[in-house]
Number of protein chains: 2
Amino acid sequence: MVKECAKVLTLADIARLAGVSESTASRALRDNPVINAATRQKVQQIAADHQFKVNATARSLRTQKSHTIAVIILFDAKTQQTLTDPFLLDILGVIADELTRQGYDMLLSTSKTTDKDWRSYYFDSKRADGLIVIGQGEHDERVLQLADAAVPFVVWGAADSDETYPVIGSDNRQGAKLAVEHLLKQGCKRVAFLGDIRHTEIEMRYLGYQDALSQAGLQLEPKLQLNTDFTAQDAYIKTQQVLFNELSSSAGSLDAIFAASDAIAMGAMKALLEYGVQIPQQLAIVGFDDIAMSAYCTPSLSTVKQDTQAGGKLLVSTLLQRIAGKTVPSAQLPVRLLCRQSSLRLL
Amino acid sequence: MVKECAKVLTLADIARLAGVSESTASRALRDNPVINAATRQKVQQIAADHQFKVNATARSLRTQKSHTIAVIILFDAKTQQTLTDPFLLDILGVIADELTRQGYDMLLSTSKTTDKDWRSYYFDSKRADGLIVIGQGEHDERVLQLADAAVPFVVWGAADSDETYPVIGSDNRQGAKLAVEHLLKQGCKRVAFLGDIRHTEIEMRYLGYQDALSQAGLQLEPKLQLNTDFTAQDAYIKTQQVLFNELSSSAGSLDAIFAASDAIAMGAMKALLEYGVQIPQQLAIVGFDDIAMSAYCTPSLSTVKQDTQAGGKLLVSTLLQRIAGKTVPSAQLPVRLLCRQSSLRLL
DNA sequence: AACCCTATTGCAATCGATTGCAAACTATCC
DNA sequence: GGATAGTTTGCAATCGATTGCAATAGGGTT
């Protein structure tokens, strides 16, 4: 059903129509002040009339800039689905908007698809001028490999110690500490931690969890930390398998959960509610991220809100500065604890 | 911190290193059988050793193919956020994987960013070989505009009557009918419909809702249809503002809701639960999509599951066939009703 | 030995836009 | 009038890979 239609015009066509050379046409369209104002207007008018669009490919080849950023979303190899966590969608949207605002296109890929070598695929091949990597996970080798090459990139995650590349992320440790302090303030004594500490971000949250416990003089129980995937499903299963036993053990009853993501929290909460546990009276729970659904589940989920708006913008601006050759430091964004029904006992 | 590193090699470099001409090198790398096997091997070996990657820009310019597909996500102009619905993430992930599998890159954009003219921006400028438009919404003008041009594209949505372009989507009408039939079978008499019927897909769901009602000999009450955004928040508010009044009206009590998306359903459910309504005993509710959270909210949400896996793959294969010049028909994917706690009264 | 055929390889043009440098033209001033 | 400065414009090279066509070499045949 595709209609045959006139061939797409090239710069040469526009130049001919305007009666000028290609160089003049090119400069006119790019608002080069060296071109006479009248000529410029005329060329632009003709280009607009014919809906002329510069061939992005040719321009990229000549200028050696693609004006495209590749966004790579890492995910857990175990999880079947590629994009699962709503949190990703959130930050992805912000990045997309911000890149467009800055005149860049966004090439999206999931790690499954490009196991090989990001540098050669995206950068050497000139598909992208820079990379944004979301999530560090256990895939650090590939990120480190990038760092060794002269590829401009930024990571969303947790700054480890002294990376040679900029990492943007929330203050995970502080956020976790706030969450657990809040749980303790609600009278909880035994708090489980749900999340895979092999991911750097989650490890930081675990540290914040520890901070709060030790500050309150509580003993750390390693068996209360479960490596769960970032899915409600896995949290649901692990909760049933492991935590039910802890609800009333010799060590006292489990009376709180701090989950490393809202999806995890919701899975755990589901299992507990089905089991007849009263939330928050018998067990209080706090998640992390503040995805849209958190406020609308029942009971609504207390959580540590990540500022995706600020995060996405900072990722983009950091990357663009790096592309411009500047050295930009890592940054941690402040987080905020949102207390909702799942953890508020004192009303 | 970017280390200075050797300039990226070009095909000419590889050719020189292998002692052959550029043409031979090019052909060797593309596995052209006309090249002597030994030569081919040698060139490929050298290229691999030096981690040579063909410059995608130059190749695109020469071959006039970008091997890139632009995915455009439409969204409601009223909603602030760009990417809100988890369902989008779902299908987006499938499309991303499938495109990669087929050797295509994916350029992602949200409609906010490219209000202007998709054809000239993506296609005429040679940024993409084709377009996938997700969601028709109220933005039909732009889609129609595409159809008039010779641009290969596919739409995820609902086939209207006789479009000149392929539309892939779920069997929305049938899905809605199944959902409402189920509600009626549970003994419900007055069913509200939450969703904005100005979107074609939702309109189809509304038709299915009507089908089920009239088949059961029930009167359609137009005031029970509310145009809600695709967010839990808007559904929450609208439910409070409008539906509370209907819980016990002269027309009988509202005892069921069919929501056009799971997010909407969850927002409505939250409002009702807060108001003290028993779900499903007093009011049963069914959503649409089957997003990951639906199974993990409380009560778990009955819903009409869309087959995103099949949908994403079909979108991609349809588009690629179109790019190859074939005419491909629209298609409707079967849906499945998942009965969970929010609607099951008879246990 | 002459000739033909096939298997390889290379030359050179091409994709479309950008840009350094030189040319052309106008204006100004002595 | 002519020289100089300033403003516009165009020529031609360039970005890197692909490909039609011609050229070459080697093998086989009569």
Side-chain angles (χ1 to χ4, degrees), chain A residues 6-44 46-47 50-68 120-129, chain B residues 6-44 46-47 50-68 120-129:
Chain A
K7 144 181 174 305
V8 172
L9 295 178
T10 70
L11 183 64
D13 298 320
I14 300 299
R16 190 160 19 75
L17 288 167
V20 298
S21 71
E22 281 187 59
S23 8
T24 300
S26 173
R27 286 191 259 252
L29 289 175
R30 316 190 95 218
D31 276 328
N32 188 322
V34 90
I35 297 297
N36 181 293
T39 315
R40 218 185 321 165
Q41 286 257 323
K42 184 175 166 197
V43 173
Q44 292 186 351
I46 290 179
H50 293 78
Q51 299 191 44
F52 168 75
K53 276 288 166 181
V54 170
N55 181 314
T57 309
R59 168 180 285 176
S60 294
L61 177 59
R62 179 59 229 246
T63 61
Q64 301 284 351
K65 296 235 165 302
S66 67
H67 268 265
T68 299
S120 53
Y121 188 78
Y122 288 109
F123 193 71
D124 293 353
S125 79
K126 294 285 194 296
R127 266 173 252 261
D129 298 337
Chain B
K7 142 180 176 304
V8 173
L9 294 179
T10 70
L11 183 64
D13 298 320
I14 300 299
R16 189 158 20 74
L17 288 168
V20 298
S21 71
E22 280 187 62
S23 3
T24 301
S26 172
R27 285 190 260 252
L29 289 174
R30 316 190 97 217
D31 275 326
N32 188 322
V34 90
I35 298 296
N36 181 293
T39 314
R40 220 185 320 164
Q41 286 259 322
K42 184 174 164 197
V43 173
Q44 292 186 353
I46 290 180
H50 293 78
Q51 300 190 42
F52 168 76
K53 276 289 166 182
V54 170
N55 181 315
T57 309
R59 167 178 285 175
S60 294
L61 177 58
R62 179 59 230 243
T63 62
Q64 300 284 351
K65 297 238 165 301
S66 66
H67 267 266
T68 299
S120 51
Y121 188 77
Y122 288 108
F123 193 71
D124 293 353
S125 78
K126 295 283 194 296
R127 265 172 252 261
D129 298 337

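Sequence lines set the chain letters: A, B, ... in the order given, protein chains first and strands last, and positions in each chain run from 1. Being a predicted model, the structure only gives us computed values, none of them experimental.
Atom CZ of A/R16 and atom P of C/dA17 are 12 Å apart (whole Å). Counting to the nearest Å, the P atom of C/dT14 and the CG atom of B/N55 are 21 Å from each other. The CZ-C1' distance, from B/R40 to C/dT8, rounds to 12 Å in whole Å. Atom pair A/I14:CD1 and D/dG10:C1' shows a separation of 18 Å (rounding to whole Å applied). To the nearest angstrom, C1' of C/dC15 lies 16 Å from CG of A/L9. Straight-line distance from the CG atom of B/D13 to the C1' atom of D/dA17: 13 Å, rounded to whole Å. One interatomic measurement links the two molecules: NZ of A/K42 to P of D/dT8, which rounds to 16 Å at whole-angstrom precision. Spacing between atom CZ of B/F52 and atom P of D/dG16 amounts to 10 Å, rounded to whole angstrom units.
Using a 4.0 Å heavy-atom criterion, one finds that B/T39 contacts the sugar-phosphate atoms exclusively.
The side-chain hydrogen bond (donor to acceptor under 3.5 Å, both in side chains) search around A/S120 returns A/D117, not counting sequence neighbours. Take A/S23 and apply the side chain to side chain contact (heavy atoms under 4.5 Å, CB included) test, not counting sequence neighbours, and it matches A/S21, A/R27. B/H67 is linked by a ring-ring contact (aromatic ring centres under 6.0 Å, His included) to B/Y104, counting only residues two or more places apart in sequence or in another chain. Partners of B/Q44 according to the side-chain hydrogen bond (donor to acceptor under 3.5 Å, both in side chains) rule, which considers only residues two or more places apart in sequence or in another chain, are B/D31. Shown here are the side-chain hydrogen bond (donor to acceptor under 3.5 Å, both in side chains) partners of B/R30, two or more places apart in sequence or in another chain: there are none. B/S125 meets the side chain to side chain contact (heavy atoms under 4.5 Å, CB included) test with A/K53, A/A56, B/R127; sequence neighbours excluded. Every side-chain hydrogen bond (donor to acceptor under 3.5 Å, both in side chains) that B/Q51 has, sequence neighbours left out, goes to A/R119.
Side-chain contact check for A/V54 versus A/L11: every heavy-atom pair is 4.5 Å or farther apart. With a 4.5 Å cut-off on side-chain heavy atoms, B/L29 and B/F52 count as touching.
Each of A/T57 and B/A25 lies near DNA chain C, and the nucleotide nearest B/A25 is the one positioned closer to the 5' end.
Regarding contacts with the backbone of D/dT14, every side-chain N or O of A/Q64 stays at 4.0 angstrom or more from both OP1 and OP2.
End-to-end axis angle of the helix from C/dA1-D/dT30 to C/dC30-D/dG1, from C1' rotation axes over five pairs per end: 60° (rounded to 10 degrees).
For B/N36, whose side chain is taken as the heavy atoms from C-beta onward, the closest listed nucleotide among D/dT8, C/dT8, C/dA17 is C/dT8.
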N/O contacts under 3.5 Å, protein versus nucleotides 18-25 of chain C?
| residue | atom | partner | partner atom | Å |
| --- | --- | --- | --- | --- |
| C/dT18 | OP1 | A/R30 | NE | 3.3 |
| C/dT18 | OP1 | A/R59 | NE | 2.6 |
| C/dT18 | OP1 | A/R59 | NH2 | 2.8 |
| C/dT18 | OP2 | A/S26 | OG | 2.8 |
| C/dT18 | O2 | A/R62 | NH1 | 2.2 |
| C/dT19 | OP2 | A/R30 | NH1 | 3.1 |
| C/dG20 | O6 | A/R27 | NH2 | 3.1 |

